[in-house]
2 protein chains.
Amino acid sequence: MTLFEIRKMSARLPTPAPRTGRSESPCAACNVRHLTLCAALDDQEVADMSAIVSSVELGPGEPLFDEAEPAKNVFNVTAGAVKIYKLLPDGRRQMTGFLFPGDFLGLANEETYAYSAEAVTFTTLCRFPRKRLEALLEQYPRMERRLLGMASHELAVAQEQMLLLGRKTAREKVASFLLLLSRRAVQRGQKDSPISVPMSRNDIGDYLGLTTETVSRTFTLLKQAGAIVLQGSGKVELSDRAALEVMSDGV
Amino acid sequence: MTLFEIRKMSARLPTPAPRTGRSESPCAACNVRHLTLCAALDDQEVADMSAIVSSVELGPGEPLFDEAEPAKNVFNVTAGAVKIYKLLPDGRRQMTGFLFPGDFLGLANEETYAYSAEAVTFTTLCRFPRKRLEALLEQYPRMERRLLGMASHELAVAQEQMLLLGRKTAREKVASFLLLLSRRAVQRGQKDSPISVPMSRNDIGDYLGLTTETVSRTFTLLKQAGAIVLQGSGKVELSDRAALEVMSDGV
DNA sequence: CTTACCCATTGATATAGGTCAAAGAGCCTT
DNA sequence: AAGGCTCTTTGACCTATATCAATGGGTAAG
C-alpha cells in the first residue's frame, strides 16, 4: 500500500470536534454539525438534516464533480480544502474559489453545476441530495433564509474577486490572497500567522489570473521586502501584515 | 431648461407595458409588475409588494447609492440601464455588472452595499425599503425561494465573469460582451441584432478589465473582421454571430 | 452658425506579465 | 541510497495591452 493510500484511509479516522452553536447535536453521518448552515438551527432541524446526509472523503487532486454535470448534490466541507474552477475549451482555467471547512458548494439555480470541484488536500465533506434538501427547505424557511444570506455573501466575495482580477497588479493580487487566507484561517479558529497555503503555485495563479512563474516571482519579491517568510511545506508567515495591507490596495 | 433636463422629465412619462405571468396586477406605484421577482407571485403577493414600493428616476450618470453606504433599499430596474462597480483607493474601477429592466440590485447580507450603482441612461426603478421587504419575505417563503434562485443565478454569472477577467484575451472579452448584451436583449423581448450598447468605451473597459483605447481598437478589429457593424448612436449589428461565438472562447 | 466639450479613434512607445528554458528541491518508490 | 517524479525558482526574452499623445466627430450651449 502506498503512502498516498494510507493517508487517504487515515482521512476517515479523525473526527472533527463539534462546533459550538445554538444546538450541539452532531450530524449522524459525519459526526459534525453542518457549520454555516446549522449555526442557526434547532435540534429538530439538525436531526432532519442529519437524516439525509452522507459522508465523502477525497484525496488530493480527486474530483468531486464536473461543470455541466447534473447537480444532484450539495456539499458542505468539513475538513481539508476544495478548489472550484471553470475551464475554457483550450484548457485555460480560472479558479473561482478555494473552500474550507464550513463552506458550501454545489448550490445551483440551474439543473447542472456551474463549475468543477476538486480536492486540494485530503478532504471530507457532507453530501446532501439536492431534492431532499430542497424538500427540507420548504419545511424550514429559516434554513432557506440562511442559504440566501450565504449566497448574498458569496456574491459580495465574487465581486471583490472581480475587482482583483480586473484591476489589481500581480503584487496586489498576491498580497490580497495571503490576507484572505489569513482572515479565513481566523474564521476557522486558527492563528492569523503563519498560515497554511496548501495549494500549488499553479492553482494560486489560476485563482489570481496569473502564471505559476509570476506567482513564484511575486512570493520571492514579498519575501525580499520582508512582508512574508516562507517556512516550507506550505506554511507562510505574514511577518509584516501592515505592509501586505498597503500592498493589497495599491499603496 | 436644458435638453438634459427635458429628457430627464420625459423619462417619467412612458409607462412600460405590464409583463405576462401568473398575475397581471401591476405595481401601484410604478405601474409595472416587478418582473423577475413577481413572475411567480399571486395577486395578493403582488398587491403587498406594491404597497411598499416607490418609484425612482435617474438621468445618465446619476448615482443611485454608494459602496459602504447603509443598505436601506432594494431596487428593481424597470427601464433604462444601471452600472454597478467597485473602486480601489487610487480610483481604479471595476464594473461588476450592467443591469437592465427586470434586474434587482441592492440585496446585501451585510448592513451596507457591497458596490456603487449609477444610471447609464435615463432610468426608472422601483424602490423597496429593505426592512419592509424582509418582513414580506417572512410572510411569503415562495418569494424568498425566488430571491435565492436569483442570487444563485447571479453567482453563476459572476463566476463566468471571473473566467473572462482572469483568462480571456481582449478580443475574447469584447466578443463575449457583445454576445452577452445580445442574449440579454432577447430576454427582454428585443431583437438579437442590432443591439443597443448604451455605455461608453470607458465603462466597457472597466467591465472587461481593459482600457478605453483597447476596447476601441478591439471594436475596430471586429469591424474589420466583418463580425460587427457600428451603426452609430450606440447601435451595433452582430453581422457574424458565429464568428463572435468562436472568438468569445478563444478559437 | 460657431464654439466648446466629451468621447472615440488612431498612432507611437513603454512595460507588466507571459513564455520558454533550465536548474534546484522535496518527495515517494524501489 | 538512488532514481524519478513533480513542483518551485530563476533567468532571458517576447508580446499583449497599457500609456501617452494627437486628431476627429458628434452634440449641446450660446
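Numbered from 1 within each chain, the chains take letters A, B, ... in sequence-line order.
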Check nucleotides 9-13 of chain C against the protein and report each pair of N or O atoms closer than 3.5 Å, with its distance, or say if there are none.
{"residue": "dT9(C)", "atom": "OP2", "partner": "R201(B)", "partner atom": "NE", "Å": "2.8"}
{"residue": "dT9(C)", "atom": "OP2", "partner": "S216(B)", "partner atom": "OG", "Å": "2.9"}
{"residue": "dT9(C)", "atom": "O5'", "partner": "S216(B)", "partner atom": "OG", "Å": "3.2"}
{"residue": "dT10(C)", "atom": "OP2", "partner": "T220(B)", "partner atom": "OG1", "Å": "2.9"}
{"residue": "dG11(C)", "atom": "N7", "partner": "R217(B)", "partner atom": "NH1", "Å": "2.9"}
{"residue": "dG11(C)", "atom": "O6", "partner": "R217(B)", "partner atom": "NH2", "Å": "3.1"}
{"residue": "dA12(C)", "atom": "N6", "partner": "R217(B)", "partner atom": "NH2", "Å": "3.2"}

- Ion pair R167(B)/D206(A), N-O distance below 4.0 Å: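 Salt bridge: yes.
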- Pairing of R241(B) and D192(B) as salt bridge, 4.0 angstrom limit: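 So R241(B) pairs with D192(B) through a salt bridge.
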- Query: Using the ring of each side chain (for Trp, its six-membered ring), is Y113(A) parallel, tilted or perpendicular to F65(A), with breaks at 30° and 60°?
  - Reply: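 Plane angle under 30°, so parallel.
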- Query: Think R184(B) forms a cation-pi with F100(B), using NZ or CZ under 6.0 Å from the six-ring centre and within 45 degrees of its axis?
  - Reply: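 No; the conditions do not both hold, so R184(B) does not lie above the ring face of F100(B).
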- Identify, between T169(A) and S233(A), the residue whose nearest nucleotide on DNA chain C lies closer to the 5' end.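 Its nucleotide being nearer the 5' end, the pick is T169(A).
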Separation of [N] [atom2] from [X] [atom1] (nearest whole Å):
{"X": "L210(B)", "N": "dT19(D)", "atom1": "CG", "atom2": "C1'", "value": "14 Å"}
{"X": "L165(A)", "N": "dG17(C)", "atom1": "CG", "atom2": "P", "value": "13 Å"}
{"X": "L208(A)", "N": "dA16(C)", "atom1": "CG", "atom2": "P", "value": "18 Å"}
{"X": "K168(A)", "N": "dA18(D)", "atom1": "NZ", "atom2": "P", "value": "18 Å"}
{"X": "K173(A)", "N": "dG17(C)", "atom1": "NZ", "atom2": "C1'", "value": "9 Å"}
{"X": "M199(A)", "N": "dT8(D)", "atom1": "CE", "atom2": "P", "value": "11 Å"}
{"X": "L164(B)", "N": "dT17(D)", "atom1": "CG", "atom2": "P", "value": "12 Å"}
{"X": "L221(A)", "N": "dT9(D)", "atom1": "CG", "atom2": "P", "value": "13 Å"}

- Which part of the nucleic acid, if any, lies within contact of T211(A), taking any heavy atom under 4.0 Å across all strands shown: a base, the sugar-phosphate backbone alone, or nothing?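 The residue T211(A) makes base contact.
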- May I ask you to say what G209(A) touches in the nucleic acid, namely base, sugar-phosphate or nothing, with a heavy-atom cut-off under 4.0 Å?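 It contacts sugar-phosphate atoms only.
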- Query: What about Y85(A) and Y115(A), are their ring centers closer than 6.0 Å?
  - Reply: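 They do not qualify: ring centres at least 6.0 Å apart.
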- Task: Measure from the ring center of F75(B) to the ring center of F104(B) and say whether it is less than 6.0 Å.
- Result: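 No, they do not, as the ring centres are separated by 6.0 Å or more.
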- Hey, could you give me the CG/OG distance between N73(B) and S54(B), rounded to the nearest 0.5 Å?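 Going from the CG atom of N73(B) to the OG atom of S54(B) covers 7.0 Å.
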- For R93(B) and D203(B), run salt bridge (charged side-chain N to carboxylate O under 4.0 Å, His left out): C-alpha distance rounded to whole Å, both residues' side-chain angles, the deciding distance at 0.1 Å, then the answer. CA-CA 9 Å; R93(B) 184 176 68 157; D203(B) 284 352; 2.8 Å; yes
- Using five base pairs at each end, measure the axis-to-axis angle across the helix from dC1(C)-dG30(D) to dT30(C)-dA1(D) and round it to 10 degrees.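 Rounded to the nearest 10 degrees, the bend comes out at 40°.
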- Message: For I84(B) versus Q159(A), what's the shortest heavy-atom pair and its separation?
- Response: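 In this case the closest contact between I84(B) and Q159(A) is CD1-NE2, 4.1 Å.
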